[in-house]
Protein chains: 2
Amino acid sequence: MFQLSKKVEYGLIALRHMAMHPMGQVFTAKELAREYDVPYELLAKVLQKLARAGIVHSTQGVRGGYALGSDPRAMTVATVIQIIEEEKPMIAECYVEGPDSCSIFDSCTIRKPLGKVQRDLNILFDKMTIHQII
Amino acid sequence: MFQLSKKVEYGLIALRHMAMHPMGQVFTAKELAREYDVPYELLAKVLQKLARAGIVHSTQGVRGGYALGSDPRAMTVATVIQIIEEEKPMIAECYVEGPDSCSIFDSCTIRKPLGKVQRDLNILFDKMTIHQII
DNA sequence: TTGAAATCCGACTTCAGGAGTCCGATATTG
DNA sequence: CAATATCGGACTCCTGAAGTCGGATTTCAA
């Protein structure tokens, strides 16, 4: 309940690891998985998503792997979540899927007030960068 | 992902409804469920939990129902979530269940940094009261 | 005193989504 | 050509959210 997914956690751990080393250094999914004792296949999937989004740069083949694709100071936790989950962290479904997703949308009286919480939450995640978690 | 549960939503809606009427006024779970088009049995369970916690006062029997048990100005969203979910809204499992709940606890490098987010989140939910969502 | 209306509470079902796994394809290097 | 990567879809497993049901208890009023 109300938790970040393992995928997001693994992604943040991996990004942090890369951010702690010289920019451009390449790491394989396998070594990252071993280092942090994380399921390799799952981490691999996460890194692939981050690669598709351009946050990390991937190179295939022998001696391939992943390297940071942009400045960790400009890389927010919000962005990372957004990429991995394919949506922003929203505290209510209707904020994501719209009116038709909620059977009580019209009679709901807390949507607007909770919007304030949502906005503050967005600010929270937007403020925190990968660089800051080092 | 990262959403409040329906139970919490229903609870907040019901509490808000009561807070908008004169203190002490009694509402049945049935009429609240009808008013907001919410599953009766589920809302009933939520109200029972809130009653056990003393947040609302319940009276059984004919002409019974629920009434606000304390000042909505002192009733925080954090408290309501805590009562209904039986735990605070935590962004990582290890914050709730401790080291043994997470297989990578020792190698996890993001627990501390995310603690900052967690604290800010707590403040957010602590700041918002039922009175404010009117 | 009896029936209706309400809370109370546990047990149950259903289902979606999170977590993890597997496999084959493709790319790259030596 | 073989070894080592990423790539990406399909799959299983399982937990927990959401909702339902049934029966017990309490209370009021006719």
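Reckoned from all heavy atoms, side chains included, excluding hydrogens, waters and symmetry mates. These numbers come from a predicted model, not from an experiment. A note on names: the letters A, B, ... follow the listed sequences, proteins ahead of strands, and every chain is numbered from 1.
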Completion exercise
Rounding to 0.5 Å, atoms CD1 (Ile133(A)) and CE (Met75(A)) come to a distance of 10.0 Å
Handout entry: Separation between NE2 of His131(B) and CG of Leu15(B), rounded to the nearest 0.5 Å
Key = 14.5 Å
Fill in the blank from the handout: In numerical order, the residues of residues 44-60 of chain B whose heavy atoms come under 4.0 Å of DNA chain C are Lys45(B), Gln48(B), Arg52(B), Ser58(B), Thr59(B), Gln60(B)
Problem - For DNA chain C, the residues among residues 83-107 of chain A that have a non-hydrogen atom under 4.0 Å from it - result: none
Practice task
Examine Tyr10(A) together with Tyr40(A) and report whether their ring centres are nearer than 6.0 Å.
Solution key: no
Closest approach to the side chain of [X], judged atom by atom: which nucleotide of [options] is it?
X        : options                   : answer
Val62(B) : dT7(C), dA5(C), dT21(C)   : dA5(C)
Pro39(A) : dT21(C), dA18(D), dT7(C)  : dT21(C)
Leu42(B) : dA18(D), dT6(D), dA4(C)   : dA18(D)
Ser5(A)  : dA19(C), dT28(C), dT27(D) : dA19(C)
Lys6(B)  : dA29(D), dG19(D), dG20(C) : dG19(D)

Fill in the blank from the handout: Note: for Tyr66(A) and Met1(A) on DNA chain D, the residue whose nearest nucleotide lies more 5' is Tyr66(A)
Handout entry: Non-hydrogen side-chain atoms of Ser70(B) and Met23(B) separated by less than 4.5 Å
Key = no
Exercise for the section: Say whether Val26(A) and Leu32(A) are linked into one hydrophobic cluster, either directly or through other cluster members, by side-chain heavy-atom distances under 4.5 angstrom. Expected result: no
Exercise for the section: With heavy atoms under 4.0 Å as the rule, sort Tyr10(B) into base, sugar-phosphate or nothing. Expected result: sugar-phosphate
Problem - Contact nearer the 5' end of DNA chain C, comparing Leu4(A) with Arg63(A) - result: Leu4(A)
Practice task
Might you work through the ring-ring contact (aromatic ring centres under 6.0 Å, His included) test for Tyr66(A) and His57(A), ending with a clear yes or no?
Solution key: CA-CA 6 Å; Tyr66(A) 298 92; His57(A) 179 248; 9.4 Å; no
Exercise for the section: Examine Arg111(B) relative to Phe105(B) and say whether NZ or CZ is less than 6.0 Å from the centre of the six-membered ring and inside a 45° cone about the ring axis. Expected result: yes
